[in-house]
Structures are given as C-alpha cells and as structure tokens.
Amino acid sequence: MILNNVDLDKISKTVEAGKKDKQSLLKPVKLQGEWVLDAAKDYQFRTELSYEKGKQVIEVDSPSFLGGNGNRLGPMAYCIAGITSCFIGTFAAVAASQG
C-alpha cells in the first residue's frame, strides 16, 4: 500500500527483517571525492554517489563570500537539503503509517 508517496509494505518488510536480524538495518554510506585544484573548472569539489538503481555525479562550489565562485550548490545547501529530506521523509512515513 502506498500512502503519501510512502510504500508502507516496504517499510513493514524492513521492520520485520530488522526484528529477525538487526544487521540488516545497517546501511553503510561511502563517500569519496576530490578537491579540484584547477581554477579553470567552475566547481571546487566532485564526488560520485551510488544509490540502489545507479550513480550520480555531484559537483559542489562554495559561494563567492567563502572563496568559491557560486557556480553550483554549496555544501551547506546539500547539508540542509539532506537534513530536511530526512525529517520530512520520516514525518510522511509516520503520517502514512497512521493513515
């Protein structure tokens, strides 16, 4: 059943698997990136992140007041987007589970 764009059946399966084996709840995240030394590039940091169905290249550039050129989202924007997404995703899942 999907409610609020949350697949409650998948969450239920995750909970049941976690009750049987807590190790199944561990989801490691690995990040490796490079600081770009070439000023001709229009970003400062580059990384490739993997997810269940693929990979995505992320390029980050600090705003100009922090020494970048403001050509990409800065690290704070990614940080805030991640925190917000985590919070609202949890809120939506709990709301969906309560109908």
Does atom CZ of Phe91 have more than 12 heavy-atom neighbours from other groups under 6.0 Å away?
no
Does the side chain of Trp35 come within less than 4.5 Å of Gln44's, by heavy atoms?
yes
Rounded distance (nearest 0.5 Å) linking atom NZ of Lys13 with atom OG of Ser24
14.0 Å
Could you grab the distance from atom CG of Leu73 to atom CD1 of Ile58, nearest 0.5 Å is fine?
9.0 Å
Treat each ILVMFWY residue as a node, draw an edge where side-chain heavy atoms are under 4.5 Å apart, and state whether Val94 and Ile11 are in one component.
no
Determine whether more than 12 heavy atoms belonging to other residues, nucleotides or ligands lie under 6.0 Å from atom CD of Gln32.
no
Between atom CD of Glu59 and atom CZ of Arg72, what is the distance when rounded to the nearest 0.5 Å?
4.5 Å
Are any non-hydrogen side-chain atoms of Val57 and Arg46 less than 4.5 angstrom apart?
yes
Kindly indicate whether the side chain of Leu8, heavy atoms from C-beta on, has any atom under 4.5 Å from the side chain of Ile2.
no
Decide whether Tyr43 and Val60 are clustered together by the hydrophobic rule: side chain heavy atoms of Ile, Leu, Val, Met, Phe, Trp, Tyr closer than 4.5 Å, transitively.
no
Working to the nearest 0.5 angstrom, can you tell me the gap between Lys27 NZ and Thr14 OG1?
6.5 Å
Keeping Asn4 on the side-chain end and Val6 on the backbone end, is there a donor-acceptor pair under 3.5 Å?
no
Can you tell me how far CD of Glu16 sits from CG of Asp21, rounded to the nearest 0.5 angstrom?
13.0 Å
Group every Ile, Leu, Val, Met, Phe, Trp and Tyr by side-chain heavy-atom contacts under 4.5 Å, then state whether Phe45 and Leu49 land in the same group.
yes
For Phe87, look at atom CZ and say whether over 12 heavy atoms of other residues, nucleotides or ligands are found less than 6.0 Å away.
no
Measuring from Ile88:CD1 to Ile83:CD1, what's the distance to the nearest 0.5 Å?
14.0 Å
Sole candidate of Asn71, Asp61, Val36, Asn69 that passes side chain to side chain contact (heavy atoms under 4.5 Å, CB included) when paired with Lys41:
Val36
